[in-house]
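Residues: numbered from 1 along the sequence shown.
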Amino acid sequence: MMQCKAIDRGGDDGDEVCANCGKHGSDAVKLKSCTACRLVKYCGVDCQKAHRKLHKKACKQRAAELKDEQLYSRGHERPEGDFCPICTLPIPLPMTPVAEANDHMKLAMIQKRVAKKDPDAFYHLGTKYVHGELGLQKDVQRAVKLWTEAAELGSIDALYNLGVLYDSGNGVQEDKVKAVHFWTKAAMQGHVRSRNNLGCNEGEKGNHDRAVRHLLISAKMGDENSVETIKQVFMAGVATKEQYAEALKGYQDAVEGMKSHDRDEAKRHER
């Protein structure tokens with residue numbers, strides 16, 4: 001990886017110096033790292049500005065690498081809300097909602113929790129405005145505000161759905177960059193569908209290596225769509241046989257980890 005060259009220090013390789021003027025760090029000269037890449041240090045703003053042209057390429061490259069390190073290293077486990085509070089096992093995907101009360105009661109319960117600043121309540125109320133449910137008039141802009149509030153309070157489902165809105169342009173101006181921004185934040189917190197969508201988005205742009213890296217993560221978290229997508233790109237000659245085998249095994253392991261005797265019994269009685 002290319003790094004910016006500092007001024008020759010005549011063999012004092014253990015000392016920290018300003019990348020522009022060569023001043024050594026000391027009690028009198030406080031060096032500060034470039035906040036974007038952390039590769040070099042400067043004794044002041046003037047030196048940082050003077051060195052910017054020489055440093056720009058390496059800085060941009062390393063900053064992108066740091067961003068990717070965070071993106072692909074985080075969110076490999078599903079969030080706490082995806083686990084059953086009784087058996088502690090992850091809930092199978094897609095997560096099936098439980099039966100609810102009538103519309104009037106549901107809306108009253110949601111609004112009560114909104115008043116308590118419950119992020120899930122903000123998220124659910126926004127969803128009702130998107131579809132015009134529970135007697136509410138359809139209002140996507142109102143939903144965006146509610147989902148934004150929910151996201152700020154910690155709802156990763158709200159982040160995912162904001163991404164969906166901006167990706168599709170449903171009731172808002174289409175903005176693919178915003179969509180990726182929201183999915184990225186959700187994926188790094190373990191949101192499976194956001195991770196899958198990031199993979200599909202990279203694939204559509206022709207970034208197949210990045211796409212497969214995302215899809216491998218979501219496949220290993222139990223997402224069947226991710227496995228199928230990797231299978232398709234493998235058949236198209238884009239993914240390797242080893243990557244497809246890794247995705248399939250990871251998916252099967254995840255599904256096996258969601259199974260329990262009690263769940264099997266409950267399904268048997270539902271039939």
Side-chain angles (χ1 to χ4, degrees), residues 64 66-84 90-97 110 113-114 117-131 140-205 207 210-230 247 250-251 254 257-258:
L66 290 172
K67 185 176 180 180
D68 272 1
E69 286 174 10
Q70 290 186 330
L71 174 60
Y72 290 107
S73 65
R74 296 181 182 178
H76 288 224
E77 295 183 1
R78 293 169 64 183
E80 184 179 347
D82 282 9
F83 288 76
C84 174
I91 299 171
L93 296 170
M95 293 171 62
T96 305
I110 292 172
R113 295 309 308 165
V114 165
K117 296 294 182 179
D118 183 339
D120 289 334
F122 277 92
Y123 163 67
H124 286 300
L125 186 57
T127 302
K128 303 311 176 187
Y129 272 107
V130 165
H131 301 291
V140 176
Q141 293 302 319
R142 174 64 175 156
V144 169
K145 291 180 180 179
L146 287 164
W147 282 348
T148 300
E149 179 76 11
E152 291 174 352
L153 290 170
S155 170
I156 58 176
D157 286 324
L159 287 170
Y160 168 76
N161 278 281
L162 283 167
V164 171
L165 275 187
Y166 282 105
D167 181 66
S168 64
N170 178 22
V172 297
Q173 184 174 351
E174 183 179 308
D175 191 328
K176 301 292 185 181
V177 174
K178 273 190 176 181
V180 169
H181 167 75
F182 288 121
W183 287 336
T184 297
K185 293 184 71 173
M188 290 172 67
Q189 296 178 66
H191 195 272
V192 181
R193 286 178 294 172
S194 292
R195 181 70 71 174
N196 175 78
N197 285 3
L198 288 177
C200 294
N201 180 266
E202 292 288 1
E204 290 170 0
K205 294 188 291 186
N207 301 327
R210 295 177 64 85
V212 171
R213 288 181 71 184
H214 281 302
L215 294 170
L216 276 171
I217 294 172
S218 46
K220 292 176 182 178
M221 296 169 77
D223 184 52
E224 186 175 4
N225 288 333
S226 298
V227 179
E228 287 300 314
T229 303
I230 291 181
Y251 167 74
M258 299 178 204

Please check: side-chain N/O of [X] versus main-chain N/O of [Y], any donor-acceptor pairing under 3.5 Å?
X      : Y      : value
Gln70  : Met188 : no
Asn207 : Gly203 : no
Ser155 : Ala151 : no

Does the side chain of [X] reach to within under 4.5 Å of the side chain of [Y], using non-hydrogen atoms?
X      : Y      : result
Ile217 : Tyr72  : yes
Leu153 : Asp120 : no
Ile156 : Tyr160 : no
Tyr123 : Leu146 : no

- Only one of Glu149, Arg113, Glu152, Lys145 clears side-chain contact (heavy atoms from CB on, under 4.5 Å) with Phe122; which?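 When side-chain contact (heavy atoms from CB on, under 4.5 Å) is applied between Phe122 and each of Glu149, Arg113, Glu152, Lys145, only Glu149 qualifies.
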
Could you tell me the separation between the [atom1] atom of [X] and the [atom2] atom of [Y], rounded to the nearest 0.5 Å?
X      : Y      : atom1 : atom2 : value
Arg195 : Gln189 : CZ    : CD    : 11.0 Å
Ser218 : Asn196 : OG    : CG    : 5.0 Å
Lys220 : His76  : NZ    : NE2   : 8.5 Å
Asn225 : Tyr251 : CG    : OH    : 9.0 Å
Thr184 : Leu159 : OG1   : CG    : 10.0 Å
Leu162 : Trp147 : CG    : CH2   : 6.5 Å

- Gln173, CD atom: more than 12 neighbouring heavy atoms under 6.0 Å: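 For Gln173, atom CD is not crowded (no more than 12 foreign heavy atoms under 6.0 Å).
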
- Glu77, CD atom: more than 12 neighbouring heavy atoms under 6.0 Å: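 No, because the 6.0 Å sphere around CD of Glu77 holds 12 heavy atoms or fewer from other groups.
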
- Assess whether side chain to side chain contact (heavy atoms under 4.5 Å, CB included) is satisfied between Val180 and Asn197, documenting all intermediate values. CA-CA 8 Å; Val180 169; Asn197 285 3; over 6 Å; no

For [X] and [Y], work out which heavy atoms get closest and say how close.
X      : Y      : result
Pro79  : Gly190 : CD-O, 3.3 Å
Ala219 : Ser226 : N-CB, 3.7 Å
Gly163 : Ala179 : O-CB, 3.2 Å
Val172 : Val144 : CG1-CG2, 3.8 Å
Ala143 : Gly126 : CB-O, 3.2 Å
Pro119 : Ala150 : O-CB, 3.4 Å

- Item | Identified side chain to side chain donor-acceptor pair (under 3.5 Å) partner of Glu202 from the options Arg213, Arg210, His214 | Arg210

- Message: Any salt bridge linking Lys176 with Asp167? Criterion: basic side-chain nitrogen under 4.0 Å from a carboxylate oxygen.
- Response: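 Yes, charged N to carboxylate O under 4.0 Å.
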
